[in-house]
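For reference, the structure is listed below as structure tokens.
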Amino acid sequence: MPSVPGELSKEKYNQFSLEEWVKSFWRDNDVYRLVKEKSSKSPRKFYFLDGPPYASATSIHIGTAWNKIIKDVVLRYKRMSGYRVWDQPGFDTHGLPIEVKIEKKLGVTSKKEIVEKIGVERFIGECRRFVDESIEAMTRQFKEIGVFMDWDNPYVTYKDDYIESGWWLIKKAWEKGLLYRGLQVHHWCPRCETTLADYEVSEYKVLEDPSIYVKFPLKGRNGESLLIWTTTPWTLPANAFVMASPSIKYARVRVGNEVLILASSRVKAVMEEAGVSEYEVLEEIPGSELEGLEYVHPLEELVDAQKELAPYHRVVMAPEAVSAHEGTGLVHSAPGHGDIDFKINEDRVGAPIVSLVDDTGKMTQGAGKYAGLYFRTEANKAIVEDLERMGALFHKGTVRHRYPVCWRCKTPLVLRATRQWFIKVSALKTPLLREAEGIRWQPGWAKTRFVNLLKEVRDWVISRQRFWGIPLPVWVCQSCGYTHVVGSVDEIEEMGGERPENLHRPWVDRVELKCPKCGGVMKRVPDVLDVWFDSGISFYASLGFPRSRLWDEMKPVDFIVEGHDQIRGWFFSLLRSGVIGFNSSPYRSVMVHGFALDEHGREMHKSLGNYVDFEELISKVPRDVVRLWVMQTTVWEDLKFSWKGLEEMGRTFNIIWNTFSFASTYMSLDKYDPTATRLDDVEGDLQPEDRWLLSRLNRLVKEYRSAMEDLRPHDAARMIKNFIVEDVSHWYIRLIRRRVWEEEDTPGKRAAYAALYTALRTWLVLAAPFIPFTTEYLYQKLVRPSEDDAPLSIHLLDMPEPDTSRIDDKLESDMDIVKRIVEAAAAARSNAGIKLRRPVRRIIIAPIKPGVDEAVRRLEHIVREMANTKRVEVVGSEFFEQAKVYDVEPNYRELGPTFKELTPKVVSLIREHSREVAEAIARQGKYTASIDGREVVIERSHVKLNAAYPQWLSVKETEIALVGVDTRIEREELVEGVAREIVRRIQAMRKELDLPVNAYIETWITGDETIVESAKAMEGYIANETRSKAIHYTEPPGDAYTRVWEVDEGRVKIGIKAGSR
RNA sequence: GGGCCCGUAGCUCAGCCAGGUAGAGCGCCCGGCUGAUAACCGGGCGGUCGGGGGUUCGAAUCCCCCCGGGCCCA
């Protein structure tokens, strides 16, 4: 027959070694595999898709750990709830950040050097090796915090299979007519020599640039010019037109013998800046009148490209691009170097798109005189000089402003028009919005955010001019220009190409196809894909689609969870790919989590010095403590990291341990066998507090499950913590202590064991997803040895169903009332200075709220026990009113005017007869007396009336009741109190001797008479409580452990000696 | 500049959706309890609920504006 073992109670608690033990246990027994096998037999599928972390770190961020812990909790919960859980982790492995890291490592700074000095083949090899190392390190850390995922089989975006899956989608887009090559203005990094997508332009630096005012002379108006302002002189050679706003007023201003046109609101500021004090505003005209005015570009002769652009040199209305609050209200426009410019040109002008900066930031041949100069430096300088020399410059200064820089290498970016490959996402807005409607979001506001950005969706530039990425599968015929998109490796072979040994550059670049139109040689467009493309296809690519049909079985993804930055990122890119490839959303439910910030709510960064390293964290804080702590913060809000918070959570684990240790101690002493004595077997012996615990337990199960189903794991985490700390440890165990101390094997004790065991065992299962190490350990040490058929690991158990028949609202609310009464009694005792150890005769309760009476009667034994009173009396509130004693103080302000010269005598009267006066005024409203033969009537207003409870009654007034303690100690209470003092001392001494809980002793008591008499009177009680087989009232022998104690009633000498029975 | 979120005690956070006496844990001070006790219980100190305005008999809660922080975009 198994019974609960007592090991836990003998063990010294150490959470770190506990977790090490569990780690070995899992490894030795291959627990993850067993868990997975069990799950694989479950009837319902749960396709979870891991948002792949970027594989460029050897140490994970706290936020990354939080992310995986949330996932692990959900997956564990789902497995235990009967789902066939797909738990493949992923890694995002391509892209510029990794290329830049490798460039640094290899000591190169340009694409040219990669090609010529390093060789693309070696460069790619280095990227791959770096990624593999990152994956290994990250995997180790994820395992370290107990994440149960399929670590032997992750999806990795650089694998050939994955790349091939990517090609499938590009081909799909091409077939749908969504893939096109176009010219568009984008930020470009002249060092990385690649275009950056909008979302990659995220860093700005304060830089100094020229701030110049340039005159554009108007045709046919001698001496009259448009005055434009720019901070990018290098864009002037590409100028096509000038933008103005019809709603701004412009002024014609005479300066010397010239006339300048600029916004009226800017005249004063511009003239001041230029140091011009002599000027005259000739007239003001509405902006609309400027429309169509033609001008001559000052650099026309020096710049070749201007020949093409000259026909478009006129004023164009563009209110969206012009401000009356800065510059001159006239904006020079270069459609090849500005995105608004590009759009306005497209809509209203139609000039050729001229971009005069090359891939490396140097001016092109089209820039004529400026060809070969670097844009922000050399070209700026030369252009400003020329303008000045020609007299076209009205004023030059400098400006310090935020300027976008490359997020990887910090080089200032250039806006330029380049030919890139696009996917026409703007054409998919309707299906995107439609599909977004059907997705479930937690929290709800994430959906608002998502839909808002879908409404503004733009075409997607997918091409990048780099190396480490999925190659764009587009081949172009060198003879006839025919373009073909390849959707698979097989198709390469079908098109007459040779299967490359690796699908990355440079191998894939060498693949030549035969043109189906003209038979010519087709070569691949050398671009790679935007790295966001990679993770966006993971929902099918991780399953090997289209080669494998697993996706058809598994679709759609049931659940994803990532940080709120991924609303625009991964959540969007998944949907985008889903709609392109399958016309539907690939996922149905999303949870959003917050960011891990430092304790002041700022981002954690190595450079800010507030970064907490993961390895450091788990060397200082046990894993489960970290897990439960991060899980109890509201999931979608930011997590403020706090060592103190973690330390506090550590104390909770201490309580968890103590609770199980308590159960282990007493259940093992009594050889409690949970399989032989189950709840059903003790039904009739369950005490109200046992039923209360079971009610709380089943309510926990019910509310925990609904929190988990509703994607509020933080609520579930708080519930499991509160249950074990508040309900079990702080309350229930205190209530049953007396019962479990009983010597004999009573039915009441069995009932308490059955209730406690059920609660702890169920709690372990609920807590298992959150704190898998601790629950495993306690399960192995307490539950598994106690039950014959217990599964090998707690993680193989099923989530419990609530037994709602055990939920008793009334009992719980009665218990709440009783708790408050007990608290009030404790407060009242404390005020009266009566220790809880000392029994009192009675406590008196006057209910205020309904239900108190009933609750106290029903749970009277708890009130008696916890308040240490012999009787509980429920009375009407008049009891307390009548018990009150009154006292008065004279109120001089009122007495003086009434009694005039008699006042001093009245005051002495009041002082001398204060009790009498007070009583009379309190009960009749006045006090009548006679002074010097005159009758005086003292009324309520003449005094300050104070009511107080008498000495013998200490009262705590609460919202639900008045609770009074009768503080009068009679002989009986005194004797019992002294006996308890003695018992406590003996218990302390037993502990000092480190005696086993169930050891017997022999005891000697001598000392002051009251104490010895009390001890004699209570001998049976003392002997029983302290397991004394005999008590002697003589000096203890020399070999006894002896101490002298002071108690309120005097001095006592106690000696104890261990003795066997 | 725009969208969304957060701001409550010294610290970490509940409460806000569905308006009704501002709460918990930690910390600090005082007292108590103790055979699960590096735990626990009682009392005390501590709040312009970021600021301002509005709706309402009544606002931490609903509405508007502003300030600070976060994420995303421009």
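First the proteins, then the strands, lettered A, B, ... as listed; each starts at 1. This structure is a prediction, so every number in the text was calculated from the model and none was measured.
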Gap between atoms [atom1] and [atom2], on [X] and [N] respectively (whole Å):
X: Ile656(A); N: rU37(B); atom1: CD1; atom2: P; value: 17 Å
X: Asn452(A); N: rC71(B); atom1: CG; atom2: P; value: 19 Å
X: Lys849(A); N: rU21(B); atom1: NZ; atom2: C1'; value: 10 Å
X: Lys640(A); N: rU12(B); atom1: NZ; atom2: P; value: 5 Å
X: Met866(A); N: rC40(B); atom1: CE; atom2: C1'; value: 10 Å
X: Asp715(A); N: rA14(B); atom1: CG; atom2: P; value: 10 Å
X: Leu454(A); N: rC73(B); atom1: CG; atom2: P; value: 14 Å
X: Leu453(A); N: rG2(B); atom1: CG; atom2: P; value: 18 Å

Side chain of [X], base of [N]: donor and acceptor closer than 3.5 Å?
X: Arg449(A); N: rC71(B); answer: yes
X: Ser729(A); N: rA39(B); answer: no
X: Arg737(A); N: rU37(B); answer: yes

Taking the side chain of [X] as its heavy atoms from C-beta onward, which of [options] lies nearest to it?
X: Phe595(A); options: rA74(B), rC71(B), rC4(B); result: rC71(B)
X: Asn654(A); options: rC6(B), rC41(B), rA38(B); result: rA38(B)
X: Ile655(A); options: rA39(B), rC71(B), rC13(B); result: rA39(B)
X: Asn658(A); options: rU37(B), rC26(B), rG43(B); result: rU37(B)
X: Ala826(A); options: rG70(B), rG25(B), rG42(B); result: rG42(B)
X: Asp565(A); options: rC71(B), rC41(B), rG10(B); result: rC71(B)
X: His564(A); options: rC4(B), rU12(B), rG70(B); result: rG70(B)
X: Lys12(A); options: rG42(B), rA38(B), rC26(B); result: rA38(B)
X: Phe662(A); options: rU34(B), rA36(B), rG25(B); result: rA36(B)
X: Lys956(A); options: rG70(B), rG43(B), rG10(B); result: rG43(B)

Can you tell me if the side-chain N/O atoms of [X] get under 4.0 Å from OP1 or OP2 in [N]?
X: Arg980(A); N: rU34(B); result: yes
X: Lys991(A); N: rU34(B); result: no
X: Arg718(A); N: rA14(B); result: yes
X: Ser664(A); N: rA36(B); result: no
X: Tyr13(A); N: rA38(B); result: no

Taking the same atom, P, in rG69(B) and in rG31(B), what whole-Å distance lies between them? 45 Å
Say you pick atom C1' in rU8(B) and the same atom in rG50(B); how far apart are they, in whole Å? 10 Å
Heavy atoms of Trp441(A) and Ala436(A) approach each other most closely as NE1-O, 4.2 Å
Categorize Ser642(A) for me: base, sugar-phosphate, or nothing, with a 4.0 angstrom heavy-atom threshold over every strand shown. nothing
Would you call the rings of [X] and [Y] parallel, tilted or perpendicular, taking 30° and 60° as the class edges?
X: Phe450(A); Y: Phe572(A); result: perpendicular
X: Phe641(A); Y: Trp629(A); result: perpendicular
X: Tyr672(A); Y: Tyr753(A); result: tilted

Could you check, using the six-membered ring where one of them is a Trp, whether His337(A) and Trp188(A) have ring centers closer than 6.0 angstrom? no
Assign each of Thr633(A) and Ala988(A) to its nearest nucleotide of RNA chain B by heavy atoms, then name whichever residue's nucleotide is nearer the 5' end. Thr633(A)
Identify, between Ile834(A) and Ser661(A), the residue whose nearest nucleotide on RNA chain B lies closer to the 5' end. Ile834(A)
Side-chain touch Asp690(A)/Arg739(A), heavy atoms, less than 4.5 angstrom: yes
Donor-acceptor pair, side chain of Ser661(A) and main chain of Trp657(A), under 3.5 angstrom: no
